[in-house]
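To start, the structure itself, in structure tokens.
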Amino acid sequence: MANKETKNETNKFQAIISHAKEYGFIFQSSEIYDGLSAVYDYGPWGSELKKNIRDYWWKSMTRMHDNIVGIDAAIFMHPTTWKASGHVDGFSDPMIDNKDSKKRYRVDHLIEGYADTLDKDAAEALLARMNQLLAADDLDGLKQLILDEKITCSVSGTSNWTDVRQFNLMFSTQLGSVSEEASEIYLRPETAQGIFVNFLNVQKTARMKIPFGIAQVGKAFRNEIVARQFIFRMREFEQMEMQFFIRPGTEEEWYAYWKEERMNWHLSLGFSPDKYRFHDHDKLAFYAKAAVDIEFEFPFGFKEVEGIHSRTDHDLSQHQKFSKKKLQYFDTEINQNYVPYVIETSIGLDRTVLMVLSEAYAEEDIPKEDGTKDSRVVLRIPPRVAPIKLAVLPLTKKDGLPEIARDLIKECREDFYCFYEEKDAIGKRYRRMDALGTPYCVTIDYQTKEDQTVTIRDRDSMTQERIPLDKVKEWVSLRIR
RNA sequence: GCGGAAGUAGCUCAAUUGGUAGAGCGAUAGCCUUCCAAGCUAUAGGUUGCGGGUUCGACCCUCGUCUUCCGCUCCA
């Protein structure tokens with residue numbers, strides 16, 4: 001039974017991926033060249049959906065909060081940024097695999113572990129040799145050292161090792177068009193640092209008073225060891241982050257506040273609360289005082305969509321140290337200077353898109369009036385983020401009906417995304433709109449010509465009501481907010 | 001990254017022992033049609049993932065490679 005359910009969920013996930021491609025939501029990157037692993041492109045409706053989610057988040061965080069402003073920092077940053085943040089040293093470790101146990105080790109951990117079994121002088125000599133090789137990036141030398149010392153895998157007990165490989169979390173590239181003058185810089189692995197380095201710029205120019213937040217949406221890049229599960233874990237992805245700067249000592253209450261606030265945002269999309277849960281981090285990162293994930297139940301299990309972290313003053317202090325610039329705030333209420341503490345909310349935009357698609361996708365059987373069965377695939381996307389809000393469908397493409405439809409679109413398209421369709425039977429057009437997640441369809445029929453009314457059909461219930469033509473814009477607008 | 005499986009039209013799949021690649025759906029154009037897919041006609045669309053090898057001849061056998069899926073592994 002459990003197996004069957006797992007299989008069904010796997011099938012559902014496959015179906016969602018297929019549907020996303022077939023209906024123009026998400027394509028694999030560079031597909032005509034056989035694709036690029038763990039990179040995806042958004043098609044017409046996928047980019048619209050993604051943009052709507054991004055806009056909804058942006059509006060919720062900035063416009064709906066007096067004390068949060070946005071920025072748009074560059075992807076390229078000064079290389080020292082990543083030294084200060086800990087990304088350079090923390091995430092570029094040589095790795096080695098044991099071919100028998102399939103176990104992967106960080107080379108330094110492996111050698112250090114072995115050194116612990118030696119006497120003091122031998123251990124020190126070994127570690128000195130290792131550090132020398134590490135500093136020189138001599139990967140072959142490191143492998144030779146492991147072989148010479150006959151270091152074995154604790155699981156398999158063998159020394160059947162792969163070559164030593166460098167694992168780099170960050171992508172690097174060259175800044176400068178002439179290679180000799182070029183310096184190596186990184187594509188940012190997170191958007192947060194762009195906020196931290198601009199802390200004072202924003203605080204001063206936007207005249208912000210603590211507590212206040214800075215929001216940002218943007219691309220980030222990470223070399224994942226295993227990147228899988230469609231757009232859940234990509235090498236290039238988009239984050240929506242907000243760093244909230246607070247007075248030291250108030251972090252607990254603000255952490256609790258944002259934890260609740262962010263969960264409420266998710267629930268405002270209208271999905272079942274059962275689909276969400278908090279997951280507290282047991283093992284905290286070196287900078288964090290507390291951390292919690294908001295997890296969503298994807299077809300492949302509960303997975304992290306958003307993280308809320310209490311980051312202390314770690315980041316600002318680090319940048320203060322490396323840049324030798326004061327990153328402090330004078331708090332007039334308590335008459336004190338301090339480096340603010342930070343509560344971070346960080347949500348993956350692509351993951352949120354996948355969350356919406358996963359929850360929206362449904363295959364339905366519909367009993368017909370004559371007793372036979374009908375079926376449809378429908379995306380129950382929350383109306384406020386649906387790519388197309390309204391389809392306008394003339395019942396036939398004759399007798400002036402298309403003209404009325406075109407006029408209605410002209411009236412509405414400034415306010416929300418409309419779609420015109422006159423091909424095929426009306427039922428078929430409804431199904432096509434269901435498959436794209438369009439919440440409302442207006443049909444122009446012959447009665448429209450007589451009394452200026454239209455039918456408007458609801459995607460989820462498939463029921464219709466008749467409303468005046470000149471009320472359509474208002475009717476839809478009210479329901480997509 | 002390792003192991004296993006797979007790759008034929010946009011999608012789902014066919015194609016005897018190796019002998020010139022087909023169908024349904026979808027798409028497009030037109031016809032029909034007065035409110036919930038699967039009516040009619042026509043058209044487009046494939047160097048069978050890619051590259052070598054064996055063969056008179058390869059979708060089929062073989063090697064490599066790329067991609068995807070499943071399991072393991074790593075992870076801020």
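Chain A is the first sequence line, chain B the second, and so forth, proteins listed ahead of strands; every chain is numbered from 1.
- Under the side-chain contact (heavy atoms from CB on, under 4.5 Å) criterion, Gln318(A) pairs with Ala84(A), His314(A), Lys321(A), Phe322(A), sequence neighbours left out.
- The residues Asp293(A) and Lys303(A) are annotated as not salt-bridged, no charged nitrogen and carboxylate oxygen being separated by less than 4.0 angstrom.
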List every contact pair, protein side and nucleotides 45-51 of chain B side both N or O, where the distance is under 3.5 Å.
| unit_1 | atom_1 | unit_2 | atom_2 | d |
| --- | --- | --- | --- | --- |
| rG49(B) | N2 | Asp34(A) | OD2 | 3.4 |
| rG49(B) | N3 | Asp34(A) | OD2 | 3.4 |

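- When the P atom is compared between rA38(B) and rA27(B), the two are found 12 Å apart, to the nearest whole Å.
- Annotation: Phe25(A) is not in aromatic contact with Tyr23(A) [ring centroid separation under 6.0 Å not met].
- Sequence order on RNA chain B of the closest nucleotides to Tyr40(A) and Thr455(A) puts Thr455(A) first from the 5' end.
- In this entry the distance linking OH of Tyr23(A) with C1' of rC11(B) reads 9 Å, nearest Å.
- For Phe230(A) and rU67(B), the CZ to P distance is 17 Å, given to the nearest whole Å.
- In terms of polar N and O atoms assigned as donor or acceptor, the side chain of Ser18(A) never comes within less than 3.5 Å of the base of rC11(B) in a complementary pairing.
- The nucleotide whose nearest atom lies closest to any side-chain atom of Lys423(A) is, among rA29(B), rC36(B), rC35(B), rA29(B).
- For the pair Lys398(A) NZ and rG30(B) P, the computed distance is 13 Å after rounding to whole Å.
- In this structure, CD of Gln28(A) is placed 17 Å from P of rG7(B), rounded to the nearest angstrom.
- Remark: Glu364(A) CD is packed, more than 12 non-hydrogen atoms of other residues, nucleotides or ligands lying under 6.0 Å away.
- A donor and an acceptor atom, one from each side chain of Glu306(A) and His266(A), are located under 3.5 Å apart.
- Atom name C1', nucleotides rC36(B) and rC50(B): the rounded distance is 45 Å, in whole Å.
- Residues from residues 442-449 of chain A that place a heavy atom under 4.0 Å from any atom of RNA chain B, listed by number: Thr443(A), Asp445(A), Tyr446(A).
- Between rA27(B) and Arg432(A), a contact under 4.0 Å exists linking OP1 or OP2 to a side-chain N or O.
- Taking the C1' atom of each, rU54(B) and rA9(B) are spaced 30 Å apart, rounded to whole Å.
- Taking only side-chain nitrogens and oxygens, Lys21(A) never comes nearer than 4.0 Å to OP1 or OP2 of rG10(B).
- Between Ile26(A) atom CD1 and rU68(B) atom P the separation is 15 Å, expressed in whole Å.
- Aromatic ring orientation, Phe199(A) versus Phe245(A): tilted (interplanar angle from 30° to 60°).
- Between Arg432(A) and Asp424(A) there is a salt bridge, since a side-chain N of the basic residue sits under 4.0 Å from a carboxylate O of the acidic one.
- Side-chain contact check for Ser310(A) versus Trp254(A): every heavy-atom pair is 4.5 Å or farther apart.
- Ranking rC36(B), rA37(B), rU28(B) by closeness to the Met462(A) side chain, first place goes to rC36(B).
- With respect to Arg311(A) and Glu190(A), a salt bridge is recorded, a charged nitrogen being found less than 4.0 Å from a carboxylate O.
- Counting distance only, with no hydrogens placed and no angle test, the side-chain atoms of Gln464(A) and the base atoms of rC35(B) include a donor-acceptor pair under 3.5 Å.
- Searching all strands for a Watson-Crick or G-U wobble partner of rU54(B) with both distances below 3.5 Å returns nothing.
- A distance of about 23 Å separates the C1' atoms of rU68(B) and rG26(B), rounded to the whole Å.
- Within the shown strands, nothing qualifies as a pairing partner of rG46(B) under the Watson-Crick or G-U definition with both distances less than 3.5 Å.
- Applying the Watson-Crick and G-U wobble criteria (two distances, each under 3.5 Å), rG7(B) pairs with rC66(B).
- In this entry rA21(B) has no Watson-Crick or G-U wobble partner, no candidate having both defining distances under 3.5 Å.
- Atom CZ of Arg406(A) is surrounded by 12 or fewer heavy atoms from other residues, nucleotides or ligands within 6.0 Å.
- Rounded to whole Å, the P atom of rC2(B) lies 29 Å from the corresponding atom of rC13(B).
- If you check distances only, the side chain of Arg457(A) does reach the base of rC36(B) with a donor-acceptor pair under 3.5 Å.
- Between Phe300(A) and Phe232(A), the angle of the ring planes goes over 60°, which puts this pair in the perpendicular group of the 30/60° scheme.
- Rounded to whole Å, the separation between the C1' atoms of rU28(B) and rA21(B) comes to 24 Å.
- Comparing rA37(B), rC75(B), rU67(B) by their closest approach to the side chain of Arg233(A) singles out rC75(B).
- With rounding to whole Å, Asp365(A) atom CG is found 14 Å from rA37(B) atom P.
- No option in Val356(A), Leu379(A), Thr352(A) other than Val356(A) meets the side-chain contact (heavy atoms from CB on, under 4.5 Å) test with Leu49(A).
- Atom CG in Asp424(A) sits roughly 12 Å away from atom P in rG30(B) (whole-Å rounding).
- On the C1' atoms, rU47(B) is 14 Å away from rU20(B), given to the nearest whole Å.
- Each of rC70(B), rC36(B), rA27(B) was ranked by its minimum atom distance to the side chain of Lys428(A); first place goes to rA27(B).
- If you measure from atom CD1 of Ile17(A) to atom P of rC70(B), you get 8 Å, rounded to the nearest angstrom.
- Side chain of Thr396(A), nearest nucleotide from rA37(B), rU33(B), rU67(B): rU33(B).
- If you take atom C1' in rA15(B) and the same atom in rC60(B), they sit 10 Å apart, rounded to whole Å.
- Checking rC74(B) for Watson-Crick or G-U wobble geometry (two distances, each under 3.5 Å) identifies no partner in any strand.
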